[in-house]
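In each ligand, atom 1 is the first atom listed, and ligand 1 is the first ligand listed. These numbers were taken from a predicted model, which means no experiment stands behind them.
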Amino acid sequence: MTGATRVLVATTNPGKVRELAAILAGLPVELVGLGDLDGAPEVEETGATFMANALLKARAYAAWSGLAALADDSGLEVDALGGAPGVYSARYAGPGASDADNLAKLLGAIAAVPAAERTARFRCAAVLADPGGRTWEAEAAWEGRLLDAPRGDGGFGYDPVFVPDGWDRTSAEVDAATKNAASHRAMAFAALRPAVEAWAAGA
Ligand code: IMP
């Protein structure tokens, strides 16, 4: 895009860059991922909240790259488990756990919970940081309930057991476009869009 300002997305996943590009379409920004830059450092997610982790990543990558940076952190909160796995969603079954390991641990943990009490949400914190250290924040939750067995092979992570409110299918049983239009990430970055637009106008 001619005249577009480059913005770094703090992810090595090209799918996530494309997902954000769709949400931020029409803004004069060109999104690049960590894989597009040489020598990107790892940033450890040591925060106690999704927002703390998103702030850590956005600030670190903006400072490192000299570009504005977008970062997010997300996970699943299960009411019957007091909000777990929360910020530990990616490593619920231990360090290096696979999606399948995490899902199996979750199904074990909620096995005795009646269907009516299996309420949960995906939460996403999204942050824009500029290289000068200014930050803008947005957060969103996607409410739903958990099944007692997986359904569908789309999506990733806990999608096969998550039925969003108002849906009769899991977020793994719909196509990517349908999920990505409704998800916690979509809502959080849509809420952050005005900040990105204002920042790009002044950049
Ligand atoms: P991340 O912060 O987006 O990397 O997400 C951390 C972890 O939360 C993932 O490894 C998944 O276990 C879970 N998670 C986040 N978003 C989703 C989603 O959209 N579907 C299923 N699982 C998710």
Side-chain angles (χ1 to χ4, degrees), residues 9-20 22-23 31 33-35 40 42-61 69-78 81 83-110 118-127 137-147 149-165 167 169-190 192:
V9 183
T11 182
T12 53
N13 177 352
K16 202 181 244 186
V17 178
R18 280 196 297 274
E19 189 183 334
L20 293 201
I23 295 166
L31 301 186
L34 292 174
E42 286 250 352
V43 176
E44 249 195 285
E45 298 182 4
T46 53
T49 62
F50 297 117
M51 187 55 75
N53 282 331
L55 280 164
L56 264 176
K57 288 187 278 187
R59 284 194 178 116
Y61 285 115
L70 287 166
D72 69 307
D73 194 49
S74 60
L76 182 72
E77 293 175 350
V78 181
L81 303 176
V87 292
Y88 301 107
S89 290
R91 49 199 147 120
Y92 186 39
S98 68
D99 279 359
D101 297 335
N102 290 329
L103 193 54
K105 173 155 181 178
L106 178 70
L107 287 172
I110 62 168
R118 260 189 251 133
T119 49
R121 68 205 54 75
F122 282 122
R123 193 178 289 284
C124 176
V127 170
E137 303 174 8
E139 194 162 325
W142 194 19
E143 301 285 341
R145 65 195 168 79
L146 301 176
L147 301 179
R151 270 183 10 205
D153 49 21
F156 68 100
Y158 302 98
D159 280 327
V161 292
F162 183 73
V163 178
D165 283 354
W167 293 27
R169 288 180 292 176
T170 68
S171 44
E173 288 181 299
V174 295
D175 58 46
T178 303
K179 181 192 162 189
N180 292 345
S183 76
H184 48 310
R185 238 179 319 281
M187 288 189 271
F189 278 101
L192 198 60

Item to check | Atom indices of ligand 1 within 4.0 angstrom of Lys179 heavy atoms, with elements | outcome: 18 (C), 19 (O), 20 (N)

Checklist entry - Parallel under 30°, tilted from 30 to 60°, perpendicular over 60°: which one fits the rings of Tyr92 and Tyr158? => result perpendicular

Item to check | Nearest non-hydrogen protein atom, atom 17 (C) of ligand 1 | outcome: Phe156 CZ, 3.3 Å

Next on the checklist: Below 4.0 Å from ligand 1: does a non-hydrogen atom of Leu76 turn up there or not?
Outcome noted: no

Checklist entry - Parallel, tilted or perpendicular: which describes the rings of Trp142 and Trp167, with under 30° parallel and over 60° perpendicular? => result perpendicular

Checklist outcome for this item: Rounding to 0.5 Å, atoms CG (Leu76) and CG (Leu106) come to a distance of 6.0 Å

Checklist entry - What atoms of ligand 1 come within less than 4.0 Å of a heavy atom belonging to Gly157? => result 21 (C), 22 (N)

Item to check | Donor-acceptor side-chain pairing of Asn180 and Ser183 below 3.5 angstrom | outcome: no

Next on the checklist: I need the nearest protein heavy-atom contact for atom 10 (O) of ligand 1: residue, atom name and distance, please.
Outcome noted: Ala90 CB, 3.4 Å

Checklist entry - Is there a donor-acceptor pair closer than 3.5 Å between any side-chain N or O of Asn53 and the backbone N or O of Phe50? => result no

Next on the checklist: Would the distance check show the side chain of Arg118 and the main-chain N or O of Leu146 forming a donor-acceptor pair, the cut-off being under 3.5 Å?
Outcome noted: yes

Next on the checklist: Measuring from atom 6 (C) of ligand 1, which candidate in Ser74, Gly75, Ser89 has the nearest non-hydrogen atom?
Outcome noted: Ser74

Next on the checklist: I'd like to check which ligand 1 atoms, numbered from 1 as shown, lie under 4.0 Å from a non-hydrogen atom of Asp73.
Outcome noted: 2 (O)

Checklist entry - Has ligand 1 got any nitrogen or oxygen that is less than 3.5 angstrom from a nitrogen or oxygen of Arg185? => result yes

Checklist entry - Got an N/O contact under 3.5 Å between His184 and ligand 1? => result yes

Checklist outcome for this item: Output for pair (Ser74 OG, Arg121 CZ), nearest 0.5 Å, gives 14.0 Å

Item to check | ligand 1 atoms in contact with Lys16 (distance to a heavy atom under 4.0 Å) | outcome: 3 (O)

Next on the checklist: Which of the numbered atoms in ligand 1 are under 4.0 angstrom from any heavy atom belonging to Asp159?
Outcome noted: 18 (C), 20 (N), 21 (C)

Next on the checklist: Would the distance check show the side chain of Asp99 and the main-chain N or O of Gly157 forming a donor-acceptor pair, the cut-off being under 3.5 Å?
Outcome noted: yes

Item to check | Closest protein heavy atom to atom 12 (O) of ligand 1, given as residue, atom name and distance to 0.1 Å | outcome: Tyr158 CE1, 3.2 Å

